[in-house]
K.L.:
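Just passing along the structure, written as structure tokens.
All chains are named by letter (A, B, ...) in the order of the sequence lines, taking the proteins before the strands, and each is independently numbered beginning at 1. Only a predicted model underlies this, so the values are computations on that prediction, with no experimental measurement involved. Quick note: numbers below take in every heavy atom, side chains included, and nothing from hydrogens, waters or symmetry partners.
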There are 2 protein chains.
Amino acid sequence: MLPSDSAMQKFLERLLSRSALDPAEQQAILNLPCNVLQMRARRDIVSPGETVSNACLVAKGLVARFDQMRDGRRQIVGFHIAGDMCDLHSVVAPTAGWGISALSGATILHVPHSALRAIAVEFPAIALAFWRDSTVDASIIAKWVGNLGRQDARARVAHVLCELGIRMERAGVAASRTCFVLDATQEQLADAVGLTAVHVNRTIQRLRRDGLIESRGHTVEVKDWPALAQTAEFDPAYLLLDDNARWTTQPSAIRTHGSGQ
Amino acid sequence: MLPSDSAMQKFLERLLSRSALDPAEQQAILNLPCNVLQMRARRDIVSPGETVSNACLVAKGLVARFDQMRDGRRQIVGFHIAGDMCDLHSVVAPTAGWGISALSGATILHVPHSALRAIAVEFPAIALAFWRDSTVDASIIAKWVGNLGRQDARARVAHVLCELGIRMERAGVAASRTCFVLDATQEQLADAVGLTAVHVNRTIQRLRRDGLIESRGHTVEVKDWPALAQTAEFDPAYLLLDDNARWTTQPSAIRTHGSGQ
DNA sequence: CGGCACATTGACGTGCATCAAACCGTGTGG
DNA sequence: CCACACGGTTTGATGCACGTCAATGTGCCG
């Protein structure tokens, strides 16, 4: 199996974890054309403001979407791991202000917008699956707004660790949420949580001293998940990974509770 | 014309400003069923964590999506004005962690998910238009992350003012970006920019003293737009309102530049 | 062994939070 | 027509979380 096939398979699994697709639809995903791209650490994959005609599927490594200020300072807006199509939304919005950067060495698959759009038009279920997948990313970003706006340094760092633990476990990138490789420098982490590298350092040390985590090199080990989740006010609902909420194109039969109507 | 018709018309116009739809598709939007709902100021339209089966179209008033912390403190994640379907994404993600609240008195149309999903499945162009519309909201939220993480109080407040000015002008809610009604208290504004009401107050006073804005009651008048945009580092690109970027379902003929392939 | 990127530590400054009081406009009831 | 209450704005005093700057430590790689 080619590495590109395996990555597309992971992307399909990510979609299937939230949307039901029939065999033909699944095959359409797997048949997507792509170019493999090797990125060194700290290289920008997409520059801020660029108009792109491909989406980027992460096959390996840690990738971040970021916003850049006039003075060059960066704010990371989201992390992406293997199996994430990190700018799937670029299919419907190819010119945006953000950039995408490889934090670690990374393997990227470029998938043409035209191909993605073609299968979205041909298969309504795929269009909804893409929309839903984009919505998950948006939900994560929304949670980050709350994290940045209303939480202190300790909670912010804890929250990012919880999120990445869960997501890596889910994607099969890490064995468990309590032990994973976080291939980012403290400066990059600082760019994600809206702090300085110095303060992130002190915050991590405090989490270590309090027995919540340990870390050697880039490996993070969560020693006390409940406590970490507690200080982060972490509730995984926003990641939309509840298997019971998996959807077909006509979900009215599945869940009909709620307030309205 | 019923008020509900006029609101649906505004929603259609918002979609059309970014996506081309043929007459049948436009009619499908206008035929969407809905219930009118009057909300008093400070009432929650959707509670955090609720599962909904209707999307909320804002017909009048100012509405906010928010995240809530354990201690009850809130972080507003986005503002919505007339013509915005403020939780269109709920069609593909009906259970989410956030809530929606009316900041001012507001008129809301409840549109059943089932109806929205039905026309998205029937008309691929509508599915893409919905996805694109959601992406605009996501892009705004992403910009807020940068705003909260890397800008000081002055820039944050200025940025929100610029954004709302442009959006209200665009939606026909305000005559111009430099003069609009912002029906929110300073405390609500504080919840949006991640500050306290006291500090927002002092920040606004500074913007006034520096001659960037004036405000009487809830009316904001921008006296020096370039200066305000400058301090906010405001670049409207993220709002995706460039008319040249308006899209059909098969846009390959329209723009094919960019980096990839 | 030297160089380099990153982690760590310390001293000091500041932007914003916090708390508390006064002020102001508006609606309400006597 | 005044007394009052109430939500919102404004002001001041004080404290702390985090930023800034600068030095030192540490592991990795050539």
Side-chain angles (χ1 to χ4, degrees), chain A residues 40-43 62 69 71-75 101-105 147-161 181-210 213-220 231, chain B residues 40-43 62 69 71-76 101-105 147-160 181-210 213-220 231:
Chain A
R40 314 265 299 276
R42 294 181 151 290
R43 280 283 178 293
L62 185 65
M69 310 293 126
D71 61 7
R73 277 156 55 229
R74 289 185 170 188
Q75 172 66 43
S101 178
L103 300 188
S104 68
N147 203 29
L148 289 176
R150 288 294 179 230
Q151 301 281 82
D152 64 13
R154 186 183 167 89
R156 287 189 219 175
V157 172
H159 200 279
V160 166
L161 294 180
V181 173
L182 178 49
D183 240 339
T185 66
Q186 293 183 351
E187 188 171 355
Q188 290 164 339
L189 222 47
D191 284 342
V193 293
L195 299 168
T196 56
V198 172
H199 204 69
V200 164
N201 182 300
R202 295 197 232 260
T203 304
I204 289 177
Q205 285 179 53
R206 203 142 47 88
L207 291 176
R208 275 200 287 247
R209 194 167 342 107
D210 296 346
I213 65 170
E214 280 180 11
S215 61
R216 294 174 307 287
H218 279 163
T219 302
V220 176
T231 64
Chain B
R40 314 266 297 279
R42 295 183 149 287
R43 280 281 178 294
L62 185 63
M69 310 293 125
D71 61 6
R73 277 156 53 228
R74 289 186 168 187
Q75 171 66 43
I76 290 179
S101 179
L103 301 188
S104 68
N147 203 27
L148 289 176
R150 289 293 179 231
Q151 302 279 81
D152 64 13
R154 186 183 166 88
R156 287 189 219 175
V157 172
H159 200 279
V160 166
V181 174
L182 177 48
D183 237 338
T185 66
Q186 293 183 354
E187 188 170 357
Q188 291 164 339
L189 223 47
D191 284 342
V193 294
L195 299 168
T196 56
V198 172
H199 204 69
V200 164
N201 183 299
R202 295 197 232 261
T203 305
I204 289 177
Q205 285 180 54
R206 201 140 49 86
L207 292 176
R208 275 199 287 245
R209 193 166 343 107
D210 295 348
I213 65 171
E214 278 181 13
S215 60
R216 295 174 306 287
H218 279 165
T219 303
V220 176
T231 65

K.L.:
Side-chain N or O of B:Q205 versus OP1/OP2 of D:dT11: is the shortest distance under 4.0 Å?
P.N.:
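Checking D:dT11 against B:Q205, a side-chain N or O does come within under 4.0 Å of OP1 or OP2.
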K.L.:
Go nucleotide by nucleotide along DNA chain C from the 5' end; which of A:A184 and A:R150 gets its closest nucleotide reached first?
P.N.:
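That would be A:A184.
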K.L.:
Return whichever of B:R208 or A:T196 has its heavy-atom-nearest nucleotide of DNA chain D closer to the 5' end.
P.N.:
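Between the two, 5'-proximity favours B:R208.
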K.L.:
If only atom types and distance count, is the side chain of A:S104 paired as donor or acceptor with the main-chain N or O of A:L62 below 3.5 Å?
P.N.:
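At least one qualifying donor-acceptor pair exists.
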K.L.:
Could you give the CG-to-C1' distance, from A:D183 to C:dC6, as a whole number of Å?
P.N.:
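In whole Å, C:dC6 C1' and A:D183 CG are 13 Å from each other.
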K.L.:
Nearest 0.5 Å, please: how far is CD in A:Q186 from CD1 in A:I204?
P.N.:
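If I round to the nearest 0.5 Å, the distance is 4.5 Å.
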K.L.:
Hey, does the side chain of B:R42 come within less than 4.0 Å of D:dG8's phosphate (OP1/OP2), counting only N and O?
P.N.:
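Affirmative; the distance criterion is met.
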K.L.:
Please report the distance, rounded to the nearest Å, between CZ in A:R206 and C1' in C:dT9.
P.N.:
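Checked: the CZ to C1' distance equals 16 Å.
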K.L.:
Can you check the A:L189 CG to C:dA7 C1' distance for me, whole Å?
P.N.:
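In whole Å, C:dA7 C1' lies 13 Å from A:L189 CG.
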K.L.:
Quick one: label B:G217 by what it contacts on the DNA or RNA (base, sugar-phosphate, nothing), any heavy atom closer than 4.0 Å.
P.N.:
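Answer is nothing: B:G217 stays at 4.0 Å or more from every strand.
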K.L.:
When you check the phosphate oxygens OP1 and OP2 of D:dG8, does a side-chain N or O of B:T185 lie under 4.0 Å from one of them?
P.N.:
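False: B:T185 side-chain N/O out of range (4.0 Å or more) of D:dG8 OP1/OP2.
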K.L.:
Tell me yes or no: between the side chains of A:R208 and A:S215, is some donor less than 3.5 Å from an acceptor?
P.N.:
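Yes, A:S215 and A:R208 have a side-chain donor paired with an acceptor closer than 3.5 Å.
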K.L.:
By nearest heavy atom, map B:V200 and A:Q186 onto DNA chain C; which one lands nearer the 5' end?
P.N.:
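Of the two residues, A:Q186 wins.
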K.L.:
Round to a whole Å and report the spacing from CG of A:L195 to P of D:dG19.
P.N.:
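Taking atom P of D:dG19 as the reference, CG of A:L195 is at 5 Å.
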K.L.:
Using only atom types and a distance under 3.5 Å, with no angle test, would you say the side chain of A:R156 pairs donor to acceptor with the backbone of A:V193?
P.N.:
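Yes; at least one donor-acceptor contact below 3.5 Å.
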K.L.:
Check the distance between C:dT8's P and A:E187's CD and give it to me in whole angstrom.
P.N.:
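So the CD-P distance, A:E187 to C:dT8, works out to 14 Å.
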K.L.:
Tell me the interatomic distance from B:R216, atom CZ, to C:dG25, atom P, rounded to whole angstroms.
P.N.:
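These atoms are roughly 15 Å apart.
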K.L.:
Among D:dC18, C:dG10, C:dA7, which is the nearest nucleotide to the side chain of A:H199?
P.N.:
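Nearest to the side chain of A:H199 among the choices is D:dC18.
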K.L.:
Can you measure A:Q188 atom CD to C:dC6 atom P for me and round it to whole angstrom units?
P.N.:
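In whole Å, C:dC6 P and A:Q188 CD are 8 Å from each other.
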K.L.:
Using atom CZ of A:R73 as one end and atom P of D:dG19 as the other, report the distance to the nearest whole Å.
P.N.:
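So the two atoms are 10 Å apart, to the nearest Å.
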K.L.:
Between C:dT8 and A:N201, is there an OP1 or OP2 to side-chain N/O distance shorter than 4.0 Å?
P.N.:
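True: A:N201 side-chain N/O within range (under 4.0 Å) of C:dT8 OP1/OP2.
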K.L.:
Give, for atom CG of A:L182 and atom CG of A:L189, the distance between the pair rounded to the nearest 0.5 Å.
P.N.:
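One finds 5.5 Å between CG of A:L182 and CG of A:L189.
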K.L.:
Does B:R202 contact D:dG12 through a side-chain donor or acceptor facing the base, at a distance under 3.5 Å?
P.N.:
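Indeed, a donor on one side and an acceptor on the other fall under 3.5 Å apart.
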